[in-house]
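Chain A is the first sequence line, chain B the second, and so forth, proteins listed ahead of strands; every chain is numbered from 1.
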Amino acid sequence: MKLNRRSLLTVFDSLLTAYGRQHWWPGETPFEIMVGAVLTQNTAWTNVEKAIANLVARDKLLPEAIIAARKDHLANWLRPSGYFNVKAERLKNFCRWYVEAGGFDALSKLDTATLRDALLSVNGVGPETADDILLYAFGRAVFVIDAYTRRLFSRLGQVPAEVAYEDLRLAFEDKLGPDVGLYNEFHALIVVHAKTVCRVRPRCGDCLLRENCPAGRGSNDCPRDLSR
DNA sequence: ACCCAGGGTCATA
DNA sequence: TATGACCATGGG
């Protein structure tokens, strides 16, 4: 991996200049952020918002309420976010764990590695979901890796395309040093860059993030040369 | 009509 | 350990 601190910060600065600060995660409370992290798995955020709105409308955006709800009812509220049967089960799993563990205050006392392992022990919470929660709900210095991050830096020639999640996360954290504010903004900017480019020119063939786009050129609508 | 989305689990070899 | 199937709605 040719990853180094300077090249990472160069990309970060390009994105920050292009899009500005993002103030992530979209969500009012830590628990809402956690719910959003589960629901957004392989799903457009606009769909997640509708599902969360359904929960709020019924006063169900609470761990106890989700645990108590019938699974088929919960699945119907989650319907807009897709994979609703799977996500109903995952959300229940998560909430049972969350309540059992004593909620936010109790979990906040755990060190980051312990908390991460605990999150990963929940069926339905994988590495990215766990890291979203760690960074954005608990404010821990954990760099979130997603498909965009891997694609972007592999197209920039800085990491192998098939790099493992954990290897890439540790590489980012090693090069950048622990910095919650930077990690927060960086991941948000990568996602926003992907959305922006794709909204402006779907399947344009130019962007660095879309699966089927060759690297190398850029449209006028995105900060294409992120390495300068 | 097709492609994609802020993944994760499980069954198989 | 490494692929592949599966989950499903909604927007471009």
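A centroid separation of less than 6.0 Å is found between the aromatic rings of Phe138(A) and Phe104(A).
Note on Glu166(A) versus Arg116(A): salt bridge recorded, some NZ/NE/NH1/NH2 to OD/OE distance being below 4.0 Å.
For Leu74(A) and dA8(C), the CG to P distance is 12 Å, given to the nearest whole Å. Residue Glu49(A) contributes atom CD, which lies 19 Å from atom P of dT9(C) at whole-angstrom precision. Straight-line distance from the CG atom of Asp131(A) to the C1' atom of dG7(B): 12 Å, rounded to whole Å. Protein atom OH of Tyr83(A) is 12 Å distant from nucleotide atom C1' of dG10(C), rounded to whole Å. Regarding Asn76(A), its CG atom lies at a distance of 13 Å from the C1' atom of dT9(C), rounded to whole Å. In this structure, CZ of Arg90(A) is placed 12 Å from P of dG7(B), rounded to the nearest angstrom. Rounded to an integer number of Å, the gap from CG of Asp146(A) to P of dG8(B) is 10 Å. Note: CG (Leu120(A)) to P (dG7(B)) measures 16 Å, nearest angstrom.
Under the Watson-Crick and G-U wobble criteria, each requiring two contacts below 3.5 Å, nucleotide dG7(B) is paired to dC7(C).
The phosphate of dA5(B) has OP1 or OP2 within less than 4.0 Å of a side-chain N or O from Arg151(A). Between Asn85(A) and dA8(C) there is a side-chain polar atom (N or O) within less than 4.0 angstrom of OP1 or OP2. Between Asn42(A) and dA8(C), a side-chain N or O to OP1/OP2 separation shorter than 4.0 Å is absent. Contact annotation: Lys87(A) side-chain N/O to dT9(B) OP1/OP2 distance is not under 4.0 Å.
For Lys50(A), the side-chain atoms get nearest to dG11(C) when compared with the rest of dG11(C), dT9(C), dG8(B). Minimum atom distance to the side chain of Ala44(A) is reached by dA5(B), of the listed dA5(B), dC7(C), dT9(C). Taking only side-chain atoms of Thr46(A), from C-beta outward, the nucleotide of dG7(B), dG11(C), dA8(C) with the closest atom is dG11(C). For Asn123(A), counting side-chain heavy atoms from C-beta on, the closest listed nucleotide (dG8(B), dC10(B), dG7(B)) is dC10(B). Taking only side-chain atoms of Tyr148(A), from C-beta outward, the nucleotide of dG7(B), dA5(B), dG11(C) with the closest atom is dA5(B). Closest to the side chain of Phe84(A), out of dG8(B), dA8(C), dA5(B), is dA8(C). The side chain of Gln41(A) has dG8(B) as its nearest neighbour among dG10(C), dC7(C), dG8(B).
Here the rule is side-chain contact (heavy atoms from CB on, under 4.5 Å) with Val144(A), and of Thr129(A), Asp132(A), Ile133(A) only Asp132(A) fits it.
When heavy atoms are screened at a 4.0 angstrom cut-off, Gly82(A) is found touching base atoms of the nucleic acid. Backbone-only contact: Val125(A) has heavy atoms under 4.0 Å from sugar-phosphate atoms and none from a base. Thr129(A) comes within 4.0 angstrom of sugar-phosphate atoms only, judged by non-hydrogen atoms across all strands, and of no base.
Within 6.0 Å of atom CG in Asp72(A), more than 12 heavy atoms from other residues, nucleotides or ligands are found, so the atom counts as buried in its surroundings.
Under the 4.5 Å side-chain criterion, counting only non-hydrogen atoms from C-beta, Asn42(A) is in contact with Tyr83(A). Taking the side chain as every heavy atom from C-beta outward, Trp77(A) and Leu91(A) never approach each other to under 4.5 Å.
With both ends at atom P, the span from dC10(B) to dA8(C) equals 14 Å, rounded to whole Å.
Both Gly124(A) and Tyr136(A) lie near DNA chain B, and the one whose nearest nucleotide falls closer to the 5' end is Tyr136(A).
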